[in-house]
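I have placed the structure first, in the form of structure tokens, so that the comments after it can refer back to it.
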Amino acid sequence: MSKKLTDDERAAALNELTEWHLNDQGKLERALAFTDFNEAFGFMTRVALLAESMNHHPEWFNVYNRVRIELTTHDAGGLSKRDLKMARAIDAMLT
Ligand SMILES: C[C@H](O)[C@H](O)[C@H]1CNC2=NC(N)=NC(=O)C2=N1
């Protein structure tokens, strides 16, 4: 069971995760564009393996070279540290 972040914790995290924003559903969102579908799906495959190992799974949307990722923690009813860990791991994968 993960705890929902406090308002202060969430604000600090958003300040640090510059590529991410809070969407209108309160989820942590990042939009990405790759050169083509192969690159996008290759990235999604790497994230999928990571997600499975972390038992924390993204909600996402893909069209051709674009991927939009939304992170939230269902049992916390909002953002938790698990979303921040996942976001940082995704960022690290892209550098
Ligand atoms: C039973 C299982 O541990 C839960 O359903 C996990 C799986 N993956 C999950 N992923 C995400 N993003 N949020 C969750 O709350 C979550 N819960």
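In each ligand, atom 1 is the first atom listed, and ligand 1 is the first ligand listed. What you see below is based on every heavy atom in this structure, not just the backbone, and it leaves out hydrogens, waters and symmetry mates.
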Could you tell me whether Phe41 atom CZ has more than 12 heavy atoms of other residues or ligands within 6.0 Å of it? no

Below 4.0 Å from any atom of ligand 1, which residues have a heavy atom? Give them in chain and number order, please. Asn55, His56, His57, Thr72, Thr73, His74, Asp75

Could you give all pairs that pass the side-chain hydrogen bond (donor to acceptor under 3.5 Å, both in side chains) test and reach residues 84-95, with sequence neighbours left out? Glu16-Arg88, Trp20-Asp91, Arg30-Asp91

Got a sec, which pairs hit ring pair (Phe, Tyr, Trp, His ring centres under 6.0 Å) with one end in residues 49-95, sequence neighbours left out? none

First locate atom CZ of Arg82, then atom CG of Leu5, and finally report the distance between them rounded to the nearest 0.5 Å. 12.5 Å

May I have the step-by-step check of side chain to side chain contact (heavy atoms under 4.5 Å, CB included) for Met86 and Leu28, ending in yes or no? CA-CA 10 Å; Met86 182 94 218; Leu28 193 59; over 6 Å; no

side-chain hydrogen bond (donor to acceptor under 3.5 Å, both in side chains) filter on Thr72, not counting sequence neighbours, yields none

